[in-house]
Amino acid sequence: LIPITAFALGSWQVQRLGWKTDLIARFEDRLVRPPLPLPPVVDPSAIKDFDYRRVYATGVFRHDQEMLIGPRIHDGKDGYLVVTPLERRFPGDVGKLRNNATVLVCRGWISKDKKRQQDRPEGLPQGEVTVQGLLREPWKKNFFTPDNHPETGSFYFPDVAQMAKLTGSQEVWIEETMKPDLLLAYDREAKGVPIGRPAEVNLRNNHTQYIAT
């Protein structure tokens, strides 16, 4: 019975390895393509076909609607992910914001001591900005993660639909990226400027070692 079970599990791991290897290759192919301008309206059901696609969007950050997800650990330090709605304007809007053109931007990580906005003025850019990042599928909450409590400003995971409804945004999630640079990261941390994620696929692929064991 044990050899049969082990064989079945090994076969499953081989199938999973192939599936994940193909998925990673597909995502990495999207990463090397030039960034696309994010259209005014994005169909949420189509995002899965553009997961990890590099995009850019121009607009104004709504710091008054900022949401902090945490705790999140970065290099052994406690902190938060900063999520800020980005309001966008397009030709023909006559100076007004097009209805529901806003998208959610995960700007990156800040340390716990920079939680208050008044302690990080350099991390709150004013006026029009252009954000470059990765278009991502909505996250799936795992069993152990507590529920968000937006009424108290407590967010433990990025519930894109919930955050979009709260801020009047589209259900579109962009993860702002930056080139890995240790000195720049230290400088950003000290100033309370969010440290963006690298533009790379971060899916873990442990199936090879599982097969070996």
Side-chain angles (χ1 to χ4, degrees), residues 27-28 30-31 35-36 38 42 47 50-88 102-141 145 148 150 153-160 162-164 166-167 169-204:
F27 289 160
E28 288 180 340
R30 293 173 185 171
L31 283 175
L36 292 172
L38 194 71
V42 180
I47 292 177
F50 293 86
D51 199 14
Y52 276 99
R53 190 67 167 87
R54 293 167 59 208
V55 297
Y56 62 90
T58 299
V60 178
F61 277 131
R62 287 293 305 272
H63 300 297
D64 59 314
Q65 294 184 324
E66 177 185 273
M67 296 163 284
L68 301 180
I69 301 175
R72 285 293 186 276
I73 304 299
H74 176 76
D75 289 341
K77 298 178 182 179
D78 199 2
Y80 302 91
L81 291 178
V82 179
V83 181
T84 312
L86 181 74
E87 287 188 334
R88 302 181 296 156
T102 305
V103 295
L104 299 171
V105 178
C106 180
R107 300 180 58 213
W109 180 89
I110 58 170
S111 61
K112 186 177 181 179
D113 64 321
K114 297 296 184 181
K115 180 178 181 179
R116 300 188 310 168
Q117 288 190 349
Q118 55 263 46
D119 294 330
R120 47 184 168 94
E122 292 186 65
L124 305 172
Q126 304 299 313
E128 191 171 78
V129 298
T130 296
V131 174
Q132 183 165 305
L134 304 180
L135 183 63
R136 296 302 318 279
E137 267 200 288
W139 291 51
K140 294 180 175 63
K141 177 179 176 293
T145 304
N148 291 336
S154 300
F155 296 92
Y156 302 100
F157 78 103
D159 186 329
V160 176
Q162 181 187 62
M163 291 179 161
L166 184 66
T167 59
S169 305
Q170 296 183 61
E171 293 182 23
V172 177
W173 179 267
I174 299 173
E175 295 181 354
E176 189 169 1
T177 56
M178 60 175 280
K179 292 182 179 179
D181 185 318
L182 190 60
L183 294 180
L184 178 59
Y186 284 152
D187 183 61
R188 285 190 169 215
E189 181 180 347
K191 296 176 179 177
V193 178
I195 300 173
R197 59 160 294 166
E200 61 186 28
V201 179
N202 58 6
L203 297 179
R204 291 182 297 176

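Source: prediction; values computed, not measured.
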**Q** Determine whether a donor-acceptor pair (N or O, by modelled atom type, separation under 3.5 Å) exists between the side chain of His63 and the backbone of Pro125.
**A**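 The answer is yes, because a donor-acceptor pair under 3.5 Å joins these two groups.
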**Q** Evaluate side chain to side chain contact (heavy atoms under 4.5 Å, CB included) for Ile195 paired with His74, printing each intermediate quantity in order.
**A** CA-CA 10 Å; Ile195 300 173; His74 176 76; 4.1 Å; yes
**Q** If I compare all heavy atoms of Pro180 with all of Pro198, which pair ends up nearest, and what's the gap?
**A**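 Nearest heavy atoms, Pro180 then Pro198: CG-CB, 3.9 Å.
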**Q** Between Asp51 and Glu137, is there a donor-acceptor pair closer than 3.5 Å when you use the side chain of the first and the backbone of the second?
**A**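 Side chain of Asp51 to backbone of Glu137, a donor-acceptor pair under 3.5 Å: yes, one is there.
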**Q** Hey, does the side chain of Asp119 reach the backbone of Lys114 with a donor-acceptor pair shorter than 3.5 angstrom?
**A**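 No, the answer is negative, given that no donor and acceptor are paired below the 3.5 Å cut-off.
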**Q** Do the side chains of Arg188 and Glu122 get nearer than 4.5 Å, heavy atoms only?
**A**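 A side-chain contact under 4.5 Å is absent here.
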**Q** Which pair of non-hydrogen atoms, one from Tyr56 and one from Pro35, has the smallest distance, and what is that distance?
**A**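 Of all heavy-atom pairs spanning Tyr56 and Pro35, the closest is CE2-O, 3.7 Å.
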**Q** Can you find a pair of side-chain heavy atoms, one from Thr102 and one from Gln170, that are under 4.5 Å apart?
**A**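 Answer no - side chains too far apart.
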**Q** Can you tell me how far CD of Glu87 sits from OG1 of Thr58, rounded to the nearest 0.5 angstrom?
**A**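 If we round to the nearest 0.5 Å, Thr58:OG1 and Glu87:CD are 14.0 Å apart.
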**Q** Just by modelled atom types, is the Arg72 backbone N or O under 3.5 Å from a matching donor or acceptor in the Trp109 side chain?
**A**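 It does hold such a pair.
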**Q** Can you tell if the side chain of Gln117 reaches within under 4.5 Å of the side chain of Glu66, non-hydrogen atoms only?
**A**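 Heavy-atom side-chain distance check passes, below 4.5 Å.
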**Q** Could you tell me the separation between the CG atom of Leu166 and the CD atom of Gln65, rounded to the nearest 0.5 Å?
**A**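 If I round to the nearest 0.5 Å, the distance is 7.5 Å.
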**Q** Can you name the one residue among Arg136, Arg54, Arg53 that meets salt bridge (Lys or Arg N to Asp or Glu O under 4.0 Å) with Glu175?
**A**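 For Glu175, the salt bridge (Lys or Arg N to Asp or Glu O under 4.0 Å) test succeeds with only one of Arg136, Arg54, Arg53, which is Arg136.
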**Q** Under 4.5 Å between any side-chain heavy atoms of Leu68 and Ile110, yes or no?
**A**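 In short, these two side chains touch, coming nearer than 4.5 Å.
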**Q** Where is the tightest heavy-atom contact between Ala57 and Ile174, given as atom of each residue plus distance?
**A**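 Closest heavy-atom pair between Ala57 and Ile174: CB-CD1, 4.5 Å.
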**Q** Using a 3.5 Å distance criterion without hydrogens, assess whether the side chain of Asp159 forms a donor-acceptor pair with backbone atoms of Asn148.
**A**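 Answer holds: no.
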**Q** From Phe157 CZ over to Lys140 NZ, what is the distance, rounded to the nearest 0.5 angstrom?
**A**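 Interatomic distance, Phe157 CZ to Lys140 NZ, rounded to 0.5 Å: 12.0 Å.
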**Q** With rounding to the nearest 0.5 angstrom, report the NZ to CG distance, Lys115 to Asp78.
**A**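 Lys115 atom NZ to Asp78 atom CG measures 10.5 Å (nearest 0.5 Å).
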**Q** In Å and rounded to the nearest 0.5 Å, what is the CG to OH distance from Asp181 to Tyr186?
**A**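 It is 11.0 Å, given to the nearest 0.5 Å.
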**Q** Taking all atoms of both residues into account, what is the closest heavy-atom pair of Tyr80 and Gly70, and its distance?
**A**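 Looking at all heavy atoms of both residues, the closest pair is CD2-CA, 3.8 Å.
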**Q** Run the salt bridge (Lys or Arg N to Asp or Glu O under 4.0 Å) test on Glu189 and Lys77 for me, step by step, so that the C-alpha distance in whole Å, both residues' side-chain angles and the decisive distance to 0.1 Å come before the verdict.
**A** CA-CA 11 Å; Glu189 181 180 347; Lys77 298 178 182 179; 3.0 Å; yes
**Q** What pair of heavy atoms forms the shortest contact from Ile47 to Val42, and how long is it?
**A**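 Closest heavy-atom pair between Ile47 and Val42: CG1-CG1, 4.0 Å.
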**Q** Counting heavy atoms not belonging to Lys141, are there more than 12 under 6.0 Å from its NZ?
**A**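 Atom NZ in Lys141 is crowded, with more than 12 foreign heavy atoms closer than 6.0 Å.
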**Q** Does this structure show an ion pair linking Arg62 with Asp64, if we count only N-O contacts that are shorter than 4.0 Å?
**A**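 Counted as a salt bridge, because a side-chain N and a carboxylate O are separated by less than 4.0 Å.
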**Q** Got Ser169 and Val103 here, is their nearest side-chain heavy-atom distance under 4.5 Å?
**A**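 Ser169 vs Val103: side chains apart.
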**Q** Answer yes or no: is there a side-chain heavy-atom contact under 4.5 Å between Thr177 and Leu134?
**A**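 The answer is yes, as the side chains (C-beta and beyond) meet within the 4.5 Å cut-off.
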**Q** Hey, could you give me the OG/CE distance between Ser154 and Met67, rounded to the nearest 0.5 Å?
**A**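 These two atoms lie 13.0 Å from each other.
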**Q** Cationic tip of Arg107 within the cone over Phe61's six-membered ring, i.e. under 6.0 Å and within 45° of the normal?
**A**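 Output yes; distance and angle both within limits.
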**Q** When you compare the side chain of Val160 with that of Leu104, does any pair of heavy atoms fall below 4.5 Å?
**A**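 In contact.
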**Q** Just do the side chain to side chain contact (heavy atoms under 4.5 Å, CB included) check on Val60 and Val129 with the steps written out, would you?
**A** CA-CA 6 Å; Val60 178; Val129 298; over 6 Å; no
**Q** Evaluate Leu38 against Val172 for side chain to side chain contact (heavy atoms under 4.5 Å, CB included), listing each step before the verdict.
**A** CA-CA 10 Å; Leu38 194 71; Val172 177; 4.3 Å; yes
**Q** Taking the side chain as every heavy atom from C-beta outward, state whether Pro158 and Ile69 have any atom pair closer than 4.5 Å.
**A**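 Side-chain contact under 4.5 Å: yes.
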